[in-house]
Structures are given as C-alpha cells and as structure tokens.
Amino acid sequence: MITLEDLKQNDAISTYIKRADESLSALGFTEHSFAHVTRTAEHAGYILQTLEYPERDVELAKMAGYLHDIGNLVNRSNHSLSGAMMAFRLLDKLGFPPGETATITTAIGNHDEGTGVPVSHVCAAVILADKSDVRRSRVRNTEVSTFDIHDRVNYSVKKSELKINESHTLVKLKLTVDTKYGSVMDYFEIFLNRMIMCRKAAERLGLEFKLIINEQQLI
C-alpha cells in the first residue's frame with residue numbers, strides 16, 4: 001500500500017506543492033510549502049492515531065494533509081476544490097483503491113473554511129491540523145514595519161501546540177502570543193471562522209474544542 005513517504009518521493013507532487021507556494025508567495029500569503037503541509041500531515045495523523053482509528057485511516061489522513069493545498073497551484077480562490085480534483089487524478093494514476101481516493105479527495109475538498117464541512121473523521125482531522133498551524137516561521141516578510149494583519153498574527157505566535165487530553169474528550173489549541181506584534185483581538189479578526197470550523201471538526205470526532213491563548217481559555 002502506498003504511504004505518505006511514497007508521496008513525498010513523487011516528483012510531480014513535490015513540484016505542485018512548490019509551485020503552489022510560489023504562487024501564494026507572489027500574492028503575499030504566508031508559507032504554504034513543505035513545512036506547512038508536512039506539519040498538517042503529522043498533526044492529522046496524530047489526531048486519528050491518538051483516537052485509536054485504524055492505522056490505514058491514520059495514513060490516509062496524513063496523505064490528505066500533505067496534499068491539501070496543491071490547489072493553490074491553480075488559484076487561491078476555490079483551491080480546496082481544484083486541489084481535490086488534482087489529487088483525484090494523481091491518486092487514480094498511482095493506483096489507489098477507489099475508496100481511499102474518495103476519502104482523501106473528500107478531505108481535501110472540505111478543508112477550507114469558506115465551503116468545507118467535516119463530513120468524515122479523516123476530513124475533521126485535516127481541518128484541525130491545517131487550521132492550528134499558526135506560527136512565526138510562516139511569515140515571509142522580514143520587515144516588521146510593513147506587516148499586514150496576517151503577518152502580525154502569525155509572527156506574534158511564539159509557540160503553538162495541538163493536544164488531545166488523556167480521556168479523549170478535549171482537543172486543545174494552546175498558543176503563546178507575544179502581544180507586542182499582534183493582539184488576541186487581531187487573532188479573532190482573521191481566524192474566527194477557522195476556529196468555528198475547528199469546533200465543528202472536533203465535534204465530528206466526539207471531542208470538545210478549546211482555544212487557549214497565553215494560558216487563558218477563550219473558546
């Protein structure tokens with residue numbers, strides 16, 4: 001069976017991820033390259049593994065997380081949908097069984113907060129993993145004085161941690177924020193819809209979502 005490591009060695013997939021990030025860089029977006037998709041893959045796998053889903057489901061979540069942003073190669077607008085279609089073609093060509101192709105494609109097509117819905121456990125894991133990746137190292141702009149709100153918010157996050165509690169009832173996104181660069185209100189201004197989506201994704205997995213910033217629970 002094909003695994004995430006196989007996808008990482010695929011030249012076409014690597015090219016699409018790289019070129020998609022180049023397009024976003026030209027548009028002024030934060031990093032969406034290998035660091036982001038690898039982190040998303042790892043966290044999606046962590047979520048399902050912790051909740052004791054079958055190992056193949058864990059691997060499918062990792063692969064969906066790795067591929068989830070390739071649609072930015074086409075256009076930022078509706079990138080989840082174009083990415084799902086690109087993934088469908090890639091996975092079909094690689095010989096994935098139809099059921100696994102469907103699982104990954106559905107997760108990619110539903111990961112964006114504009115149109116997505118956590119319709120499956122794999123999809124829910126990818127949503128939580130993707131939306132929780134807020135960190136200073138995603139900011140490309142090196143001139144603090146020219147930061148926009150997205151730069152400020154990401155740069156302000158010194159540490160982010162996504163954890164499921166031992167009783168498997170809560171998933172917590174814990175952020176350490178340097179308010180010199182961005183306020184908690186800034187965070188909510190641009191990420192409120194993402195946090196609502198995280199709450200719905202957590203519910204799909206039988207969990208309650210908690211957002212904690214500087215040791216204060218906000219959601």
Side-chain angles (χ1 to χ4, degrees), residues 7 13 16-48 60-91 101-135 138-140 148-151 153-154 157 160 162 171 173 186-205 207 209 211 219:
L7 298 189
I13 291 172
Y16 298 154
I17 292 172
K18 180 180 178 182
R19 295 291 293 274
D21 184 57
E22 288 175 358
S23 294
L24 292 183
S25 177
L27 293 170
F29 282 84
T30 53
E31 180 268 324
H32 284 70
S33 191
F34 296 102
H36 171 61
V37 300
T38 299
R39 187 181 176 101
T40 301
E42 291 173 349
H43 281 182
Y46 155 76
I47 290 166
L48 293 193
L60 293 177
K62 290 180 180 179
M63 290 188 282
Y66 193 72
L67 296 173
H68 80 282
D69 266 342
I70 58 173
N72 286 300
L73 176 70
V74 178
N75 197 292
R76 178 61 178 175
S77 179
N78 293 319
H79 73 281
S80 59
L81 304 182
S82 54
M85 297 308 299
M86 290 175 65
F88 180 90
R89 183 180 182 278
L90 287 164
L91 299 174
T101 298
T103 297
I104 294 173
T105 300
T106 298
I108 295 171
N110 279 282
H111 85 271
D112 186 67
E113 63 270 17
T115 57
V117 178
V119 295
S120 71
H121 57 285
V122 170
C123 180
V126 171
I127 288 170
L128 283 165
D130 176 39
K131 306 312 174 192
S132 65
D133 188 16
V134 187
R135 52 188 162 82
R138 293 191 70 182
V139 179
R140 306 179 201 266
D148 63 14
I149 188 170
H150 290 84
D151 291 333
V153 168
N154 279 278
V157 179
S160 64
L162 187 70
V171 57
L173 175 57
D186 284 340
Y187 183 90
F188 275 102
E189 182 177 340
I190 64 172
F191 287 152
L192 179 59
N193 288 339
R194 298 183 192 184
M195 295 301 97
I196 292 172
M197 195 179 193
C198 282
R199 185 183 66 192
K200 293 178 179 178
E203 290 171 354
R204 180 64 179 78
L205 295 168
L207 301 170
F209 178 72
L211 172 65
I219 295 179

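Between the side chain of K131 and the backbone N or O of F191 there is no donor-acceptor pair closer than 3.5 Å. Panel note: side chain D130, backbone V126; no donor-acceptor pair is recorded below 3.5 Å. D148 contributes a side-chain N or O that, together with a main-chain N or O of D151, makes up a donor-acceptor pair within less than 3.5 Å.
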Walk me through whether D21 and R140 qualify under salt bridge (Lys or Arg N to Asp or Glu O under 4.0 Å). CA-CA 11 Å; D21 184 57; R140 306 179 201 266; 2.5 Å; yes

What do the steps show when you test H68 against H32 for ring pair (Phe, Tyr, Trp, His ring centres under 6.0 Å), and what is the final call? CA-CA 10 Å; H68 80 282; H32 284 70; 7.9 Å; no

N110 and T115: side-chain contact (heavy atoms from CB on, under 4.5 Å), yes or no, with the steps? CA-CA 7 Å; N110 279 282; T115 57; over 6 Å; no

Applying side-chain contact (heavy atoms from CB on, under 4.5 Å), run through Y187 and L211 and close with a yes or a no. CA-CA 11 Å; Y187 183 90; L211 172 65; 3.9 Å; yes

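A distance of 6.0 Å separates CG in L48 from NE2 in H121, rounded to the nearest 0.5 Å. For the atom pair M85 CE and N78 CG, the distance stands at 13.0 Å (nearest 0.5 Å). Here T101 contributes atom OG1 and M63 contributes atom CE; the two are 9.5 Å apart, rounded to the nearest 0.5 Å. Note: I127 CD1 to R204 CZ = 10.5 Å, rounded to the nearest 0.5 Å. With rounding to the nearest 0.5 Å, the separation of SG in C198 from CG in N193 is 11.0 Å. Between atom CD of residue E31 and atom OG of residue S25 there is a gap of 10.0 Å, rounded to the nearest 0.5 Å.
Within 6.0 Å of atom CZ in F188, more than 12 heavy atoms from other residues, nucleotides or ligands are found, so the atom counts as buried in its surroundings. By the 6.0 Å contact criterion, CE on M195 is enclosed, its count of non-hydrogen atoms from other residues, nucleotides or ligands being greater than 12. Around atom OH of Y16, no more than 12 heavy atoms belonging to other residues, nucleotides or ligands sit under 6.0 Å away.
Between F34 and Y66, the angle of the ring planes lies from 30° to 60°, which puts this pair in the tilted group.
Counting heavy atoms from C-beta outward, H111 and D69 have side chains that approach closer than 4.5 Å. Looking only at side-chain heavy atoms (C-beta outward), L207 and E203 stay at 4.5 Å or farther from each other. In this structure, the side chains of S23 and N72 stay at 4.5 Å or more apart for every pair of heavy atoms. The shortest distance between side-chain heavy atoms of F88 and I104 does not fall below 4.5 Å. The shortest side-chain heavy-atom distance between K200 and M197 does not fall under the 4.5 Å cut-off.
Scanning all heavy atoms of the two residues, the minimum distance from C123 to A107 falls at CA-CB, 3.8 Å. Minimum interatomic distance between G83 and I108 (heavy atoms only, all atoms of both residues): C-CG2, 3.8 Å. The heavy-atom pair separating A125 from I47 by the smallest distance is O-CD1, 3.7 Å. Across all their heavy atoms, S33 and I17 have their closest contact at C-CG2, 4.2 Å. Nearest heavy atoms, G45 versus K62: CA-CG, 3.8 Å. Contact record, A44 with A129: N-CB, 3.5 Å, taken as the closest heavy-atom pair.
Between the side chains of R39 and S160, at least one donor N or O sits under 3.5 Å from an acceptor N or O. Remark: the D133 side chain and the H43 side chain contain no N/O donor-acceptor pair separated by less than 3.5 Å.
The residue from I190, T30, L173, N154 that alone fulfils the side chain to side chain contact (heavy atoms under 4.5 Å, CB included) condition with V134 is N154.
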